[in-house]
Amino acid sequence: MHKYRTHTCGELRSENDGAEVRLSGWIFRKRDHGSLLFVDLRDHYGLTQVVVQPDSPFFDECQRLRLESVITVTGRVEARSDETVNHKMPTGAIEVVAETLTIESASEPTPLYLAGDEDGPEDQRLRYRYLDLRRERLHNNIMLRSRVISSIRRRMTAHGFEEFQTPILTCSSPEGARDYLVPSRIHPGQFYALPQAPQLFKQLLMVAGFDRYFQIAPCFRDEDARADRSPGEFYQLDVEMSFVTQDELFEVIEDVLAGIFDEFSEKKIAVAPFPRIPYAEAMVKYGSDKPDLRIPIEMVDVSDIFATSGFNAFKSVVASGGVVRAIPVKNVASQPRSFFDKLVGFATEQGGKGLAYLVWDGEKVKGPILKFLAEEELTALVERCNVTDQDAVFFVSDKPGLASSISGAIRVKLGQDLGLIADDVFHFCWVVDFPMFEFDAETQSIIFSHNPFSMPQGGLEALETKDPLEVLAYQYDIVCNGVELSSGAIRNHTPDVMYKAFEIAGYDPSVVEEQFPSLLNAFKYGAPPHGGIAPGIDRIVMLLANESNIREVIAFPMNQRAQDLMMGSPSEVSIQQLRELHLKLNLPKKQSGAESDGSNI
RNA sequence: GGGGGUGUAGCUCAAUUUGGUUAGAGUCCCAGACUGUCGAUCUGGUUGUUGCGGGUUCGAGUCCCGUCGCUCCCGCCA
């Protein structure tokens, strides 16, 4: 008989009745009847009830054992009598009557209670992550993650992709987020950087002729956390393809993602091809470049109708380059006054100057701005917004950018408050045709709006002849239920277009040569047209696991302040280590309090 | 860097309007009882710098100021 187990704790059924078996696992729960003891033994695979009889020599010992102790039990499988079958457990038809018991590892009382549904405090959960991971929900999330990644590998390989590794110690790049730096011992004063993404390497692999690349790639960015953004590091399904058009790439990614979501979720998935929404249209219709298409509300521009109206507040905004966006909502005429007032308050919180609205209630139209509108303007609004009885239309008027973000926030809020967001569906879409450049109000200059490596639509000619702010890029995002899963692009693979694009963004050719020497040089020796994308693995698993915080799908996450409470990182290092690295600390003056938790480093 | 929420026993939470005796309950833990439970049950018991520091007051968990932790958001995230 195997030293530890003949079966797992999720395995035994009534067919095993009478078998002599051995199980090992953790004591999940105990029910102590004084002269009869039930132990629910748990391992990775499940739970099995073990019965300890009063005449067992180890009865007292087992009684004293605390929950979460690890034991090995040898005994006989017995089918339970009809009244004692537990239908809630897969192994509920049997139990194991213990004949011998070995204590592998006794447990102290645990700082987290593992047999309940309630989460403990976040810092305790992180500090004792190995205990939290024993709980079913988290345990399942991590297994889901493993299976998703394994399925991704199968699917990518089936599509003809090869998996690569790229360096973790690389060099700092001038664009993007803050880098994590690693000092060099051999080269005093010089640093490696951890890659924010393997962007340059994957493009160089295309130049090297490998054709179809993928990697489950760790990415490191020193940026602050959000609920859906783990600080420090995260994983991408990094993809790059040669000789590919945008549509071909979409087809591959749609197949992989739809396949994954179909395999690992019961929710409905909008079938491929996913809708393709131009960026400019998304900003008007949904007020966002990551629209949640589950919300059945679409905004419309009504600037022209108000431009000539008697409502001076809006009229003047339009006259000075602003817009008016209408948010039509079905069946809200019977909502109380407070519903409308609260929404006006919300609009102000979002930075709006206010929120106008009209309500169609039977024969009557109501609303604070009604008196400013002529009959034909009202008719035009009804037509433009597809208004029917009992509908309301909200109006936001501001500069285009603000109007989009405010109306977008209102759209999401309405979706939530009115319960319009179906939670049994994954609604994917592509947002395409992002602008190549944008105007930076702060520096009063033109900057890259996404990344400088995208191919401008129309190529060199577009860059040379069009208004830079009108040039679109082969730059796209894939979005699911309002979550941005990834950006991607067809890349610019020619030096002359690269020089020109950087010139428009105010960079001298020498700057391009200095900052991206590897890519630029590589492109001088024959580079294939190529493009790619890099969906976030953590976010995909988060959606599939129905979790609202990304920590719930990461085995060992950091807290919001980028600390690993379990390992105690980041931490101080010895003077000797610093000396070898030619570093001298220059710590901030203000050392707070006696509390020494390393947080002021 | 800024804004919001929160902090009471190991854990989950309570403590009445504007502040009033020795800060309670469940769970965990400890002891005892119990042969069919499955979140076992029953009896008894231990557990507190009310995050920390200061202030107002005859009196502070409660009010004020500061500070710290956790968290959500903004900034940031090619």
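Residue numbers begin at 1 in each chain, while the letters A, B, ... track the order of the sequences. Values below: all heavy atoms of this structure, side chains included; hydrogens, waters and symmetry mates excluded.
- Ion pair A/Arg221/A/Glu233 not flagged as a salt bridge, since none of the NZ, NE, NH1 or NH2 atoms sits closer than 4.0 Å to an Asp/Glu carboxylate oxygen.
- Under 4.0 angstrom from either OP1 or OP2 of B/G39 there lies at least one side-chain N or O belonging to A/Lys88.
- Nucleic acid contact for A/Asp32: base, since at least one base atom lies under 4.0 Å from a heavy atom of the residue.
- As judged by a 4.0 angstrom heavy-atom cut-off over every strand, A/Arg127 is placed among residues making no nucleic acid contact.
- Using a 4.0 Å cut-off, no side-chain N or O of A/Arg31 falls inside it from OP1 or OP2 of B/G39.
- Separating the P atom of B/G66 from that of B/C72 is a span of 25 Å, rounded to the nearest Å.
- A gap of 32 Å separates the P atoms of B/U50 and B/U41, to the nearest Å.
- Distance from the side chain of A/Ala177 is smallest to B/C77 among B/C11, B/C77, B/C38.
- At the heavy-atom level, A/Gln199 lies under 4.0 Å from base atoms of the strands shown.
- Note on A/Arg66: a side-chain N or O is less than 4.0 Å away from OP1 or OP2 of B/C30.
- When the P atom is compared between B/G10 and B/U46, the two are found 15 Å apart, to the nearest whole Å.
- Phosphate contact (OP1/OP2 of B/G36, side-chain N/O of A/Asn86, threshold under 4.0 Å): absent.
- Spacing between atom CD of A/Gln49 and atom P of B/U35 amounts to 17 Å, rounded to whole angstrom units.
- Proximity of A/Gln475 to the phosphate of B/A78: no side-chain N or O atom is located under 4.0 Å from OP1 or OP2.
- Backbone-only engagement by A/Glu122 is indicated by non-hydrogen atom pairs under 4.0 Å involving sugar-phosphate atoms exclusively.
- Between the CG atom of A/Leu67 and the P atom of B/C28 there is a distance of 8 Å, rounded to whole Å.
- Dense packing is recorded around CD of A/Gln444, with more than 12 heavy atoms of other residues, nucleotides or ligands lying under 6.0 Å away.
- Residue A/Gln560 has a polar side-chain atom (N or O) positioned under 4.0 Å from OP1 or OP2 of B/C72.
- In this structure, A/Arg80 reaches the bases: a heavy-atom distance under 4.0 Å links it to at least one base atom across the strands shown.
- Counting any heavy atom pair closer than 4.0 Å across all strands shown, A/Arg229 reaches a base atom.
- For B/A25, the paired nucleotide is B/U12, the pair qualifying as Watson-Crick or G-U wobble because both relevant distances are below 3.5 Å.
- Qualifying side chain to side chain donor-acceptor pair (under 3.5 Å) partners for A/Asp433, counting only residues two or more places apart in sequence or in other chains: A/Gln457.
- Note on A/Phe38: a base of the nucleic acid sits closer than 4.0 angstrom, heavy atoms only.
- Note on A/Asp398 versus A/Lys353: salt bridge recorded, some NZ/NE/NH1/NH2 to OD/OE distance being below 4.0 Å.
- Among the atoms of the strands shown, none is found under 4.0 Å from any heavy atom of A/Ala115.
- Separating the P atom of B/C42 from that of B/U37 is a span of 15 Å, rounded to the nearest Å.
- No more than 12 heavy-atom neighbours from other residues, nucleotides or ligands sit within 6.0 angstrom of OH on A/Tyr45.
- Here the separation of B/A25 from B/G48, taken at their P atoms, is 15 Å to the nearest Å.
- Looking at heavy-atom distances under 4.0 Å, A/Glu78 makes no contact with the nucleic acid at all.
- Ion pairing between A/Arg135 and A/Asp119 holds under the 4.0 Å rule for side-chain N and carboxylate O.
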